[in-house]
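Okay, structure first, notes after.
Only heavy atoms go into these numbers, but all of them, side chains included; no hydrogens, no water, no symmetry mates. Chain A is the first sequence line, chain B the second, and so forth, proteins listed ahead of strands; every chain is numbered from 1. What you see is a predicted model, and the numbers here were worked out from it, not measured in a lab.
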Amino acid sequence: MDIERGFLFKWYERQLLVEGVTKPLLLRLAGETFGGLSSEIEERIAELLIRSGLSGITGDFPRQKILPFYSPLIYRQKATIEFIDGDEISIEEDEGKKIVAFPHTLPLIYAPVIAANVFFQLMSDASSAAPVKELPVSLDRLIRKGRVMVIGAGGLGCPLIKTLLDSGVDDVCIVEPGEVKLNNLHRQILYDYGDIGLSKASVIERKISQYYSGVSAKVYRKQFDPELIRSERPDIVVSCVDNYDARYLINDSCYRNGVPFVDSGVEGFSGYAMFRDRESPCYRCFMGDNRKDTAAPKGILPFASYFGGLLEAAIVISYLNKRPYEGEVFSFDLKRNRFEEISVERREDCPICSKAKR
Amino acid sequence: MTLLEVVYGDRKWDFDRDLTYGELLEETRLGRVSVLVMVNGRLVRQGELIPAKSRVLIINAANGG
């Protein structure tokens with residue numbers, strides 16, 4: 001595949017959120033090669049890192065299928081990155097090999113946190129260790145079924161949909177108007193290079209019918225319309241959209257129809273996730289109701305949106321299991337390993353959820 | 001002296017006085033950035049006073065997906 005070098009460098013700058021991508025940097029990243037991947041969490045970490053730009057060859061992962069132009073074709077005989085069990089998340093050099101340690105007892109929801117640690121340490125060429133933080137939600141086994149409406153199948157929606165279906169959710173309604181583009185591939189894990197130009201809705205329908213035969217899935221190729229909440233009657237709605245306006249619309253529709261919803265928003269390497277219902281202050285109380293979308297969306301690293309999607313999935317499963325996440329807004333910054341729960345109060349003048357409007 | 005500690009990403013500021021929400025954004029030059037302000041873990045809004053001794057975390061008002 002012949003892609004202009006200038007385009008490739010610009011593409012990398014956009015995807016890696018760094019300025020001044022150079023050939024030596026690309027060669028260094030491309031030279032990183034994973035050893036044998038021995039567990040699901042190792043595979044997820046490797047996938048996130050490969051989508052982030054580490055494009056070395058591994059026999060365990062179909063990198064060429066996802067991003068065939070990614071590699072300057074450095075074929076290494078030996079792995080340069082090896083995963084081992086350890087007490088903390090750390091990356092150390094040992095005779096030219098990077099040894100990535102993390103507790104192998106960690107659940108899958110930690111995969112993006114570990115990937116982010118590795119990514120930022122590789123980008124800075126530093127070696128350090130980060131303590132493992134306790135997360136307020138976990139990906140429990142689904143014990144009660146329910147109908148889930150997912151709005152948006154991009155960076156948040158892809159890991160969310162896959163995780164829900166893998167967890168046993170078998171009744172979904174997905175709303176996604178877009179087509180697969182090249183710049184989606186680094187973080188929208190349900191799509192590969194061969195899907196470019198196809199509608200995301202059609203790709204998802206195909207994949208669900210291929211891999212999840214018992215699942216009832218209705219996929220709309222359209223923008224979200226509040227009428228869908230009334231016609232589809234979901235038990236819970238998940239917002240995976242990429243702008244304020246859509247979030248306001250989802251918030252208002254869910255609140256007025258008494259349907260709980262989960263939202264996440266991401267940017268760069270940080271974001272938040274939260275559960276909202278009629279008992280809690282709404283999205284407008286959190287974000288304010290005068291935010292404006294800009295014409296040029298900001299970049300998002302793969303593990304940030306992946307983490308947001310996993311957190312949303314965990315909140316959905318806990319709700320369906322009748323053990324709803326009772327925390328406030330959960331905020332994360334994967335570059336600095338900063339995790340915070342934010343307390344939000346209901347605004348007295350909120351046009352949607354203030355007592356005067358209820 | 002007790003300080004108002006403010007963190008935004010890798011950037012940090014210390015102030016030795018109370019600040020209003022507007023003064024905080026002006027002093028940190030974040031007025032043009034879409035952000036949320038947390039004081040001791042609680043979201044604060046325009047018009048609120050942020051007392052010294054507080055721990056302030058400013059995060060981006062993320063809207064990507």
Side-chain angles (χ1 to χ4, degrees), chain A residues 151-158 160 187-188 238-248 263-273 281 283 285-288 290-294 297-301 304-305 308-309 312 328-329 331-333 335-336 338 340-345 347 349, chain B:
Chain A
I151 305 170
L156 291 166
C158 285
L160 168 89
R187 61 196 182 85
Q188 301 188 12
V238 195
S239 157
C240 301
V241 296
D242 60 1
N243 62 83
Y244 295 123
D245 284 345
R247 287 189 171 86
Y248 288 138
D263 180 44
S264 176
V266 288
E267 179 180 317
F269 27 75
S270 61
Y272 69 85
Y283 174 78
C285 293
F286 168 58
M287 194 58 77
N290 57 357
R291 302 275 179 188
K292 302 286 182 208
D293 294 301
T294 55
K298 294 168 183 161
I300 300 164
L301 288 173
S305 50
E312 287 189 301
E328 301 278 357
V329 177
S331 161
F332 60 88
D333 179 335
K335 185 175 183 184
R336 299 167 191 92
R338 191 180 290 148
E340 302 265 342
E341 288 204 75
I342 305 168
S343 167
V344 181
E345 293 166 4
R347 277 172 43 205
D349 62 345
Chain B
M1 182 181 293
T2 51
L3 295 172
L4 178 64
E5 296 177 355
V6 181
V7 174
Y8 172 66
D10 292 326
R11 298 159 69 184
K12 292 182 180 173
W13 299 263
D14 286 332
F15 300 100
D16 58 0
R17 59 191 167 92
D18 301 349
L19 291 176
T20 65
Y21 182 95
E23 286 170 340
L24 174 71
L25 295 189
E26 196 177 310
E27 293 279 355
T28 55
R29 298 178 185 274
L30 293 172
R32 288 174 176 269
V33 186
S34 194
V35 293
L36 296 164
V37 178
M38 260 70 58
V39 177
N40 301 329
R42 184 180 72 86
L43 182 74
V44 297
R45 305 196 176 95
Q46 206 153 10
E48 287 197 45
L49 186 71
I50 302 165
K53 286 193 200 176
S54 301
R55 178 180 156 270
V56 178
L57 175 66
I58 303 177
I59 61 171
N60 291 322
N63 69 340

Task: B:N40, part contacting chain A, at a heavy-atom distance under 4.5 Å - done: neither
Task: Under 4.5 Å from a heavy atom of chain B, the part of A:Y272 involved - done: side chain
TODO: Report the residues that fulfil side chain to side chain donor-acceptor pair (under 3.5 Å) with B:D18, sequence neighbours left out, ordered by chain and then residue number.
DONE: none
Open item on the list: Apply salt bridge (Lys or Arg N to Asp or Glu O under 4.0 Å) to residues B:R42 and A:E345 and explain how you reach the verdict.
Closed with: CA-CA 8 Å; B:R42 184 180 72 86; A:E345 293 166 4; 3.6 Å; yes
Open item on the list: Can you list the residues of residues 57-64 of chain B that sit under 4.5 Å from chain A, counting heavy atoms only?
Closed with: B:L57, B:I59, B:N60, B:A61, B:A62, B:N63, B:G64
TODO: Using non-hydrogen atoms and a 4.5 Å limit, figure out which bit of A:F269 sits close to chain B: side chain, backbone, both or neither.
DONE: neither
- [ ] Side chain from CB out, backbone as N, CA, C, O: work out which of these in A:Q188 comes under 4.5 Å of a heavy atom of chain B, or both, or neither.
- [x] neither
TODO: Let me know if A:I300 has heavy atoms under 4.5 Å from chain B in its side chain, its backbone, both or neither.
DONE: side chain
Open item on the list: Holding to side chain to side chain donor-acceptor pair (under 3.5 Å), I want the full list of residues that pass it with A:N290, two or more places apart in sequence or in another chain.
Closed with: none
Task: chain B contact via A:E340 - side chain, backbone, both or neither, heavy atoms under 4.5 Å - done: side chain
- [ ] Name the option with the most non-hydrogen atom pairs under 4.5 Å to chain B; the candidates are A:I342, A:N243, A:L156.
- [x] A:I342
TODO: Residue by residue, scan residues 20-37 of chain B and write down, ordered by number, those that have a heavy-atom distance under 4.5 Å to chain A; if none do, write 'none'.
DONE: B:S34, B:V35, B:L36
Open item on the list: If I measure from the heavy atoms of chain B, does A:V241 come under 4.5 Å with its side chain, its backbone, both, or neither?
Closed with: backbone
Task: A:R338 vs B:V7 side-chain heavy atoms within contact, under 4.5 Å - done: yes
Open item on the list: Looking at B:R45, I want to see if its CZ is surrounded by more than 12 non-hydrogen atoms of other residues, nucleotides or ligands under 6.0 Å.
Closed with: yes
Open item on the list: Does any backbone or side-chain atom of A:K292 lie under 4.5 Å from a heavy atom of chain B? Answer side chain, backbone, both or neither.
Closed with: neither
Open item on the list: Report which part of B:V44 has an atom under 4.5 Å of a heavy atom belonging to chain A: side chain, backbone, both, or neither.
Closed with: neither
- [ ] Please state whether the side chain, the backbone, both or neither of A:S264 comes within less than 4.5 Å of a heavy atom of chain B.
- [x] backbone
